[in-house]
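Scroll down for the structure; my scribbles are underneath it.
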Amino acid sequence: MGEIPESHPRRSSLLARQKLVDAAAEGLLADSAMIAHGRGEAFDYLLGEQTSDSARSAIREASARLLTAERPVISVNGNTVVLAGEDLIRVAAVVGCPIEVNLYYRTPERIARLLTRLAEQRASVAGGPAPDGWSEDWAKAVSSVALLGDGADGSIEGLEGARAICCTNGIGSADIVLVPLEDGDRCEALVEMGKQVVVIDLNPLSRTSRMATVTIVDEVTRAAAALVDEVVSGHAAQGDWDNRAALSEALDIIAGASAGE
Ligand code: PTJ
């Protein structure tokens with residue numbers, strides 16, 4: 001792809017697409033990853049391609065819950081690693097939790113490639129600057145982030161086949177799972193197991209969005225960046241979290257989208 005001018009109105013969208021095109025060529029993505037991304041883009045367009053106040057509130061709630069959990073885990077798939085891997089490693093470093101590669105379309109090759117990509121991202125993040133407000137040893141915190149997914153030995157109750165597979169020391173024993181771009185069945189199964197499930201999903205109508213404990217209706221790249229700031233700030237939870245209200249607010253934004261002048 002040629003150089004995209006800084007002023008191009010669709011610059012970030014084009015860059016994200018190119019990242020996915022390159023990642024697909026490297027065998028990191030599911031065959032349907034582009035379709036999933038396209039559906040997300042359509043919702044993002046209607047949401048104004050920005051983090052709403054309501055999504056920001058969900059990000060704050062997610063942060064507070066991750067920070068106070070006993071065994072938090074971040075579960076990532078192909079699209080998430082490619083679009084938001086580095087910021088999720090920053091989140092994991094601050095929270096002090098592992099990252100598990102857990103795929104909808106699981107193959108040992110993709111698990112291995114995604115773990116390699118995450119290890120590269122971890123090294124790059126460890127060698128880079130700490131987030132504003134972080135005062136401890138950044139390289140040490142980042143290097144301590146465990147990357148799980150290989151040799152998965154556990155299973156998610158209520159699911160069948162490869163989609164049930166998980167790591168016992170990751171999702172299997174977690175009390176809260178942050179899982180961007182999750183599917184509805186697995187989200188429901190995790191909730192049934194008594195876990196809190198935080199999802200990032202641009203579609204406020206998806207089963208995943210409706211099943212989750214906390215739904216962040218936002219683009220995964222923007223949400224992960226905002227989550228870094230929140231976990232470093234360490235704000236407390238906001239009391240009773242009304243997830244349905246958060247989803248309604250996202251739908252109100254979509255319903256109010258207009259063609260303007
Ligand atoms: O890497 P794998 O094998 O785990 O497969 C990953 C995909 C995403 C292909 C798989 O999980 C899948 O098919 O997902 P779905 O069921 O299409 O759901 C994707 C959801 O994520 C949809 O509701 C989209 O609106 C949403 N979505 C897509 N791109 C983004 C997004 N949400 C936030 N940020 C995005 N960039």
Side-chain angles (χ1 to χ4, degrees), residues 10 12-21 23-24 26-52 55 58-59 62 74-88 99-115 117-118 149 152 156 159 161-166 170-171 177-190 197-212 214-227 246-247 250-251 253-254:
R10 307 227 45 79
S12 60
S13 162
L14 292 174
L15 289 173
R17 286 181 176 195
Q18 191 58 42
K19 275 189 185 174
L20 292 172
V21 168
E26 293 169 70
L28 292 171
L29 300 183
D31 289 344
S32 59
M34 308 283 191
I35 300 171
H37 186 74
R39 183 194 290 168
E41 274 195 341
F43 279 102
D44 204 19
Y45 215 95
L46 292 167
L47 287 161
E49 295 178 315
Q50 58 190 346
T51 303
S52 65
I59 290 166
I74 300 175
S75 172
V76 292
N77 62 17
N79 295 43
T80 301
V81 169
V82 171
L83 294 175
E86 295 204 345
D87 273 333
L88 289 175
I99 295 185
E100 174 171 339
V101 177
N102 197 288
L103 303 181
Y104 188 80
Y105 301 103
R106 175 182 281 267
T107 67
E109 294 79 15
R110 278 184 64 227
I111 298 265
R113 286 186 195 130
L114 288 165
L115 283 168
R117 175 60 59 90
L118 278 169
I156 301 168
L159 295 180
R163 286 167 52 215
I165 300 171
C166 70
I171 291 172
V177 187
L178 167 64
V179 52
L181 281 64
E182 179 56 303
D183 89 283
D185 284 354
R186 204 156 50 173
C187 180
E188 184 173 12
L190 291 170
V197 183
V198 177
V199 299
I200 303 172
D201 191 335
L202 279 160
N203 178 3
L205 294 168
S206 73
R207 237 167 63 75
T208 304
S209 286
R210 288 182 286 122
M211 285 293 159
V214 177
T215 304
I216 299 168
V217 183
D218 197 10
E219 202 284 319
V220 69
T221 317
R222 286 197 307 267
L227 191 55
L247 297 179
L251 284 170
I253 295 170
I254 290 172

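For ligands, and for the atoms within them, numbers begin at 1 and follow the listed sequence.
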Problem set entry | Results of side chain to side chain donor-acceptor pair (under 3.5 Å) for N77 - residues two or more places apart only |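 Only T80 meet the side chain to side chain donor-acceptor pair (under 3.5 Å) criterion with N77.
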
For this session: Go through the structure and list residues passing side chain to side chain donor-acceptor pair (under 3.5 Å) with R117, not counting sequence neighbours.
Result: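 Result, side chain to side chain donor-acceptor pair (under 3.5 Å) vs R117: E26.
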
Nitrogen or oxygen contacts under 3.5 Å, ligand 1 side and protein side:
| unit_1 | atom_1 | unit_2 | atom_2 | d |
| --- | --- | --- | --- | --- |
| ligand 1 | 1 (O) | G78 | N | 3.0 |
| ligand 1 | 1 (O) | R110 | NH2 | 2.6 |
| ligand 1 | 3 (O) | Y104 | N | 3.4 |
| ligand 1 | 3 (O) | Y105 | N | 2.9 |
| ligand 1 | 3 (O) | R110 | NH1 | 3.0 |
| ligand 1 | 3 (O) | R110 | NH2 | 3.4 |
| ligand 1 | 4 (O) | Y104 | N | 2.7 |
| ligand 1 | 23 (O) | D201 | OD1 | 2.9 |
| ligand 1 | 23 (O) | D201 | OD2 | 3.4 |
| ligand 1 | 32 (N) | L202 | N | 3.3 |
| ligand 1 | 34 (N) | V220 | N | 2.9 |
| ligand 1 | 36 (N) | E219 | OE2 | 2.7 |

Problem set entry | Qualifying side-chain hydrogen bond (donor to acceptor under 3.5 Å, both in side chains) pairs with a residue from residues 36-48, counting only residues at least two apart or across chains |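 Passing the test, one end in residues 36-48: S13-E41, R17-E41, D44-R222.
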
Problem set entry | Distance (rounded to the nearest 0.5 Å) between L103 CG and I111 CD1 |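 Those atoms lie 4.0 Å apart.
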
Exercise. Between D218 and T51, does any side-chain donor sit less than 3.5 Å from a side-chain acceptor?
Worked result: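 Yes, because at least one side-chain N or O of D218 sits under 3.5 Å from a partner of the opposite role on T51.
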
Exercise. Would you say L159 and R186 make side-chain contact, with heavy atoms under 4.5 Å?
Worked result: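 The answer is yes; the side chains approach within 4.5 Å.
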
